[in-house]
Number of protein chains: 2
Amino acid sequence: MAQNNLPKGRPLDELDVQILQLLQRNARLTNREIALQLGLSVTPTYERIRRLERLGYIQGYVALLDPRRIGQALTVMATIRLKEHSREYLEQFVEQVQKLPEVMECYYVAGDFDYILKVAVSDMDAYQQFLVKKLAGLENIGQVQSHFIMMDIKKSTAYPLDALL
Amino acid sequence: MAQNNLPKGRPLDELDVQILQLLQRNARLTNREIALQLGLSVTPTYERIRRLERLGYIQGYVALLDPRRIGQALTVMATIRLKEHSREYLEQFVEQVQKLPEVMECYYVAGDFDYILKVAVSDMDAYQQFLVKKLAGLENIGQVQSHFIMMDIKKSTAYPLDALL
DNA sequence: GATGAAATTAAATTAAG
DNA sequence: CTTAATTTAATTTCATC
């Protein structure tokens, strides 16, 4: 009998983690290439990947674009404080911010402000428009602080999985 | 002469932008599926995608993982102020921070602090360790403020390309 | 020159042992 | 798990507009 069949609730084994590490960096590796690196054959590799997808470890596959090439050269981290923190206001804010295409990420955080937004726009002018016409237009917005990104020091979508090995 | 061959410096045409939008959301669409949505046949679709890759519009393809499933349930946005801003110190900080696997993103920003880091760890204890043993150990660190993410309101790797259409 | 149909090659997926 | 068969997609070729 096999002892490498991964039951639903169990932690991942080393081969699974290796697969995740590889696919986090390059999702276009073929099953054959991945199998080679794992020292497995193609079929078990293929089945492990499908299981990782099915169980939700892998949420999806995306293409990453170069923001400068597509005219989204300016990224801004905006911190927001709301005026009031009633449930109703919080839900309203969430709903509205999800609709704004310029907002790529939005996190509700603990600390001296309520939300952190990552906003992608073409230039300072577009950000100004975003701020005045969209963000400031939302109800219940208190202070907004804008932090313009001057340089990307590190930018990765890959989680560190070393701890799992 | 052709006017749909995309020279290096020229802006993208509408079909290119549509391709980028589709692949930003789902990189596993087949050429056939993309072609169908564009109203093209497979060959020109295929060639456009390869050109977008070659010219650097598409930087790569990655799998996105569910952080909770892989035991990276805690994400922290840390803002950092350095003590000194000499060229030497800045370069040293950059070099060291790039080596830390917990740091998924690091931006040099304008404003009342110098860097924003996105740090992924398993739990509060691991963050504590990271802070004390790694971040605080770097030379030249001034104040660090940690903002613990309570909820992901929106989280996307897709840039808004509506402006290009 | 770009296009789409068809041929080829390679990969994904399934089936059998 | 492995190997082999099958299906599907990627890639190339080519005749055509």
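Reminder, nothing fancy here: chain letters follow the sequence lines and each chain counts from 1.
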C:dA12 phosphate, OP1 or OP2, under 4.0 Å from A:Y46 side-chain N/O: no
N/O (side chain, A:S41) to phosphate O (OP1/OP2, D:dT2) under 4.0 Å: yes
base_contact_polar (C:dT13 base, A:T43 side chain, donor-acceptor, <3.5 Å): no
Nearest-angstrom distance from the residue atom CD of A:E33 to C1' of D:dA10: 14 Å
Length of the CZ-P vector between A:R50 and C:dA15, whole Å: 12 Å
Value in whole Å for how far the P atom of C:dA10 lies from CZ of B:R32: 22 Å
Crowding at CD, A:E95 (>12 non-hydrogen neighbours, <6.0 Å): no
Listed nucleotide nearest any side-chain atom of B:L40, set C:dA5, D:dC1, C:dT3: C:dT3
Length of the line joining A:L38:CG and D:dT2:C1', which is rounded to integer Å: 16 Å
Nucleotide C:dT13, atom C1' - distance to CZ of A:R51 in whole Å: 16 Å
4.5 Å side-chain heavy-atom contact, B:T30 and B:E33: yes
Nearest listed nucleotide, side chain of B:N31, among C:dT14, C:dA12, D:dT11: D:dT11
side-chain N/O A:R28 vs C:dA12 OP1/OP2, d < 4.0 Å: no
Ring geometry between B:F93 and B:Y115 (parallel below 30°, tilted from 30 to 60°, perpendicular above 60°): tilted
salt_bridge(B:E47, B:R54) N-O dist < 4.0 Å: no
A:E47 CD - D:dT3 P separation (whole Å): 15 Å
A:I49 CD1 to C:dT14 P, straight-line distance once rounded to whole Å: 14 Å
Along DNA chain D (nearest heavy atom to each residue), the more 5'-positioned of B:L29 and A:V42: A:V42
ILVMFWY cluster, B:L117 and A:V76 together (side-chain gap under 4.5 Å): no
Spacing between B:R48 atom CZ and D:dA10 atom P, to the nearest angstrom: 18 Å
